[in-house]
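To start, the structure itself, in structure tokens.
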Amino acid sequence: MAEAKTRLRIVTPSKELYNDEATMVIMRGVNGDLGVLKGHQPLTTILDYGILKIKNGEQEKEATLFGGFVDVQPDAVNILTDSAEWIEDIDIQRAKEAKERAEKRLNSKDSNVNMLRAELALKRATIRLNSKK
Ligand code: ATP
């Protein structure tokens with residue numbers, strides 16, 4: 001029997017990353033990892049920074065996902081996120097440079113530096129780099 005599929009849509013401020021069917025979606029919510037199949041009870045939650053996994057039949061895809069919000073319905077999952085990209089599209093050099101920039105800012109004594117912003121940038125760069133290993 002064919003696996004039951006839900007509709008998954010992932011939108012960032014700059015693009016629609018995914019708009020297709022999925023048999024399973026695994027994402028990192030602020031309260032822990034969340035796996036969703038078709039028929040899931042309605043749920044909304046805030047997303048953490050992490051890796052999102054999509055299974056669609058035999059196919060599997062992984063993307064980074066940086067925060068935002070998910071609305072789960074029995075036949076649809078809608079994700080609005082600040083930033084996301086497919087693992088295979090990650091530019092390692094760019095992530096390394098972002099990590100160095102963030103570390104420099106965090107180590108500086110400059111009171112104009114927004115430390116929270118630098119910490120979040122460091123977290124994004126680290127997740128991007130680790131996702132390739
Ligand atoms: P940077 O300082 O390099 O821009 P960032 O963490 O501030 O990194 P984001 O705000 O998360 O970048 O992302 C802005 C856009 O650039 C998004 O579309 C994101 O998918 C893309 N992006 C950021 N870093 C990379 C990367 N290393 N490889 C591929 N795409 C990236």
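Just follow the structure's listing: the first ligand is 1, and inside any ligand the first atom is 1.
For atom 6 (O) of ligand 1, the nearest non-hydrogen atom of the protein is Arg124 NE, 2.6 Å. Counting protein heavy atoms only, atom 23 (C) of ligand 1 is closest to Arg94 NH2, 3.2 Å. Ranking protein heavy atoms by distance to atom 18 (O) of ligand 1, first place goes to Lys15 NZ, 3.2 Å. What sits closest to atom 27 (N) of ligand 1 on the protein, heavy atoms only, is Asp91 O, 3.0 Å.
Annotation: Lys38, atom NZ; neighbour count of heavy atoms from other residues, nucleotides and ligands within 6.0 Å is above 12. Within 6.0 Å of atom CD in Glu88, more than 12 heavy atoms from other residues, nucleotides or ligands are found, so the atom counts as buried in its surroundings.
Judged by distance alone, the side chains of Arg7 and Asn19 do bring a donor and an acceptor atom under 3.5 Å apart.
Asn56 pairs with exactly one of Met24, Lys61, Glu21 by the side chain to side chain contact (heavy atoms under 4.5 Å, CB included) rule, that one being Glu21.
Applying the salt bridge (charged side-chain N to carboxylate O under 4.0 Å, His left out) criterion to Lys15, with sequence neighbours excluded, gives no partner residue.
Closest heavy-atom approach to atom 11 (O) of ligand 1 within the set Glu85, Lys132, Arg128: this belongs to Arg128. Of the candidates Ala84, Ser83, Ala121, Ser83 brings a heavy atom nearest to atom 13 (O) of ligand 1.
Under 4.0 Å is where a charged nitrogen must lie from a carboxylate oxygen, and between Glu103 and Lys99 at least one such pair does.
With a 4.0 Å heavy-atom cut-off, ligand 1 is reached by no atom of Ile92. When heavy-atom distances to ligand 1 are checked against a 4.0 Å cut-off, Arg101 comes that close only through its side chain, counted from C-beta outward.
The two residues Lys55 and Glu60 make their nearest non-hydrogen contact at CE-OE2, 3.4 Å.
Near Ile90, meaning under 4.0 Å from one of its heavy atoms, ligand 1 places the atoms 28 (N), 29 (C). Within the listing of ligand 1, atoms 28 (N), 29 (C) sit less than 4.0 angstrom from a heavy atom of Asp89.
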